[in-house]
Amino acid sequence: MPRRMLMPHKSVFSYSRAPKWLNVTCTMNSAGSGYRVFSANSSAACIELAKKITERLGVELGKAVVYQETNGETRVEIQESVRGQDVFIIQTIPRDVNTAVMELLIMTYALKTSCAKNIIGVIPYFPYSKQCKMRKRGSIVCKLLASMLSNAGLTHFITMDLHQKEIQGFFNFPVDNLRASPFLLQYIQEEIQDYRNAVIVAKSPDAAKRAQSYAERLRLGLAVIHGEAQYAEVDMADGRHSPPTVKNATVHLGLEIPLMIAKEKPPISVVGDVGGRIAIIVDDIIDEVESFVAAAEILKERGAYKIYVMATHGILSADAPNLIEDSSIFEVVVTNTVPHEVQKLQCAKIKTVDISLILSEAIRRIHNGESMSYLFPQYCNG
């Protein structure tokens, strides 16, 4: 059954002018363009992003029906010929991640069996990207999903700000990992008054490299939060010290393995001066917001008078909107890579930056065989 469309929220910032380096005109004739753009139709927000992209390209959205059977199975019907054409599938990932993944896989396979020349996935937020390392006796789900997409027929992949850049190595076809930082930097310069009095903050040492990149582009200071309140990804047990110690285990004579010294985090501290400044916390994903709220409280205690949070992917799961509304955070700014219209209705502090411009230009360049390096300017390598 077709999904109902939601009207876009009025707090979506779509700049009339692109970042200075992205001076492009994405206009094509729909007839004879030699390619099609489809929406995987997982949500109204996905259709909305797809329509923005096709409007910039000057083409019509491909005709396809994606719906759920009464028994929960996903069905896809392609309603126009795609033989010998480049086909782009736009899929954003809503809360029902697994349904969205199946929609993407089934549509890809349907296009493959319909004799499409190339099938390019445009997936701004790649799901399961946090599961890209071995944890105890778990699995690297991100690698599994990459293999599934390849087997389904995907030949190229466009995404934005992968959680780890090394994820690109999981794919056996080309991957273009675009950057949202130029749009977020532009938001800071145009929407945050007195941003020259700001300091860029990493809420953990893991995020310091990204924060440093923002600080250097904006010519601002840098601060890093470090200490026992942070639960960094690298501190999670990854299985490399298994098997665990077992009582009454057989010990081979002459085999002495040094014992691991338990980690002990230092007291919470902020490296850098935030007193009397605007604090801008930057990260790639904001999902469960407890760590961001805690960071905001620490920055407020250290003298920051206004606190922003900037992230590419605003998943904002669980009770995130209410926690943000009741916190010291002044504003949370994310892009529209992930649908979050419902969360915005619950929290007025959440703002959205539109990134359809760079996605549409990437589609145009790939179809025309043009260089993609233009979309990776030197100043947005963070």
Side-chain angles (χ1 to χ4, degrees), residues 9 42-43 45-46 49 91-101 123-133 135 138-142 145 159-167 177 179-181 183-184 201-211 214 225 229-236 238 280-299 307-353 355:
H9 199 276
S42 64
S43 67
C46 180
L49 178 61
Q91 175 69 310
T92 57
I93 307 299
R95 290 191 176 188
D96 191 354
V97 177
N98 295 327
T99 297
V101 169
I123 313 166
Y125 169 67
F126 188 58
Y128 291 99
S129 59
K130 284 190 174 183
Q131 297 189 48
C132 61
K133 297 178 182 179
R135 304 294 185 197
S139 60
I140 305 176
V141 184
C142 193
L145 183 53
T159 188
M160 183 163 282
D161 285 339
L162 285 169
H163 186 55
Q164 299 287 344
K165 294 179 182 179
E166 292 77 12
I167 291 174
N177 183 27
R179 307 286 188 269
S181 54
F183 298 90
L184 295 175
V201 180
K203 71 178 181 68
S204 70
D206 291 340
K209 186 175 181 181
R210 183 181 301 273
Y214 275 71
I225 299 175
Q230 300 300 315
Y231 299 96
E233 242 183 279
V234 293
D235 292 336
M236 297 173 63
D238 59 8
I280 304 175
I281 304 172
V282 297
D283 214 332
D284 62 327
I285 300 172
I286 176 168
D287 189 358
E288 296 177 348
V289 299
E290 285 82 356
S291 60
F292 290 92
V293 171
E297 292 299 329
I298 293 166
L299 293 170
I307 300 155
Y308 290 81
V309 174
M310 299 272 177
T312 303
H313 311 295
I315 301 174
L316 303 168
S317 58
D319 198 31
N322 293 329
L323 291 174
I324 293 170
E325 191 68 38
D326 297 335
S327 72
S328 301
I329 298 172
F330 179 76
E331 201 169 83
V332 173
V333 183
V334 294
T335 71
N336 55 344
T337 57
V338 177
H340 52 265
E341 294 300 317
V342 174
Q343 292 90 327
K344 288 171 67 175
L345 294 174
Q346 298 172 349
C347 178
K349 293 181 179 181
I350 301 172
K351 309 297 180 184
T352 307
V353 174
I355 44 79

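As the structure is a prediction and not an experimental result, all values here were calculated from the model. Numbers here simply count residues along the sequence, with the first being 1.
- No side-chain heavy atom of T337 sits less than 4.5 Å from a side-chain heavy atom of T92.
- Considering every non-hydrogen atom in both A295 and K203, the closest pair reads CB-CB, 4.1 Å.
- Atom SG in C132 sits 4.5 Å away from atom CD1 in I167 (nearest 0.5 Å).
- T99 places no side-chain N or O within donor-acceptor distance of the main-chain N or O of D96, the cut-off being under 3.5 Å.
- Proximity of a side-chain donor or acceptor of K349 to a complementary backbone N or O of I329 within less than 3.5 Å is detected.
- With sequence neighbours excluded, the residues that form a side chain to side chain contact (heavy atoms under 4.5 Å, CB included) with P321 are Q343, Q346, C347.
- Remark: D326 engages no residue in a side-chain hydrogen bond (donor to acceptor under 3.5 Å, both in side chains) (not counting sequence neighbours).
- In terms of modelled atom types and a separation under 3.5 Å, the side chain of K130 and the main chain of P127 share no donor-acceptor contact.
- Rounding to the nearest 0.5 Å gives a distance of 10.0 Å between SG of C142 and CD of Q164.
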Apply side-chain contact (heavy atoms from CB on, under 4.5 Å) to residues V334 and I286 and explain how you reach the verdict.
CA-CA 8 Å; V334 294; I286 176 168; 3.7 Å; yes
With side chain to side chain donor-acceptor pair (under 3.5 Å) as the criterion, how do S317 and D287 come out once you've worked through the C-alpha distance, each side chain's angles and the decisive distance to 0.1 Å?
CA-CA 6 Å; S317 58; D287 189 358; 2.3 Å; yes
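- The shortest distance between side-chain heavy atoms of V333 and V353 falls below 4.5 Å.
- Taking the side-chain hydrogen bond (donor to acceptor under 3.5 Å, both in side chains) definition, one finds that S328 meets it with E297, sequence neighbours left out.
- In summary, the side chains of T335 and H313 do not present any donor paired with an acceptor at a separation below 3.5 Å, with no hydrogens or angles considered.
- Atoms OH and NZ, on Y214 and K209 in that order, are 14.0 Å from each other to the nearest 0.5 Å.
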Would you check, one step at a time, whether the test side-chain contact (heavy atoms from CB on, under 4.5 Å) holds for V282 with I280?
CA-CA 6 Å; V282 297; I280 304 175; 4.2 Å; yes
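- Under the 3.5 Å distance criterion, the side-chain polar atoms of N336 are left unmatched by any main-chain donor or acceptor of L49.
- Side chains of H163 and D284: a donor on one and an acceptor on the other come within 3.5 Å.
- Partners of N322 by side chain to side chain contact (heavy atoms under 4.5 Å, CB included), not counting sequence neighbours, listed by chain and number: D319.
- Counting only residues at least two apart or on different chains, the ring pair (Phe, Tyr, Trp, His ring centres under 6.0 Å) pairs with a member in residues 314-338 are Y308-F330.
- Listed for the T159 side chain is a donor-acceptor partner under 3.5 Å among the backbone atoms of I123.
- Using a 4.5 Å heavy-atom cutoff, the side chains of F292 and D283 are in contact.
- Side-chain atoms of R179 come within 3.5 Å of backbone atoms of N177 as a donor-acceptor pair (strictly under, hydrogens ignored).
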side-chain contact (heavy atoms from CB on, under 4.5 Å), that's the test. Do I285 and Y125 meet it? Break it down for me.
CA-CA 9 Å; I285 300 172; Y125 169 67; 3.9 Å; yes
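- Judged as a side-chain hydrogen bond (donor to acceptor under 3.5 Å, both in side chains), and not counting sequence neighbours, E288 has no contacts.
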Before giving the answer on side-chain contact (heavy atoms from CB on, under 4.5 Å), spell out for V338 and I93 the whole-Å C-alpha distance, their side-chain angles and the decisive distance to 0.1 Å.
CA-CA 6 Å; V338 177; I93 307 299; 5.6 Å; no
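- Here I140 contributes atom CD1 and L145 contributes atom CG; the two are 13.5 Å apart, rounded to the nearest 0.5 Å.
- Between H340 and T352 the shortest side-chain heavy-atom distance falls below 4.5 Å.
- Between M160 and T312, the closest side-chain pair of non-hydrogen atoms falls below 4.5 Å.
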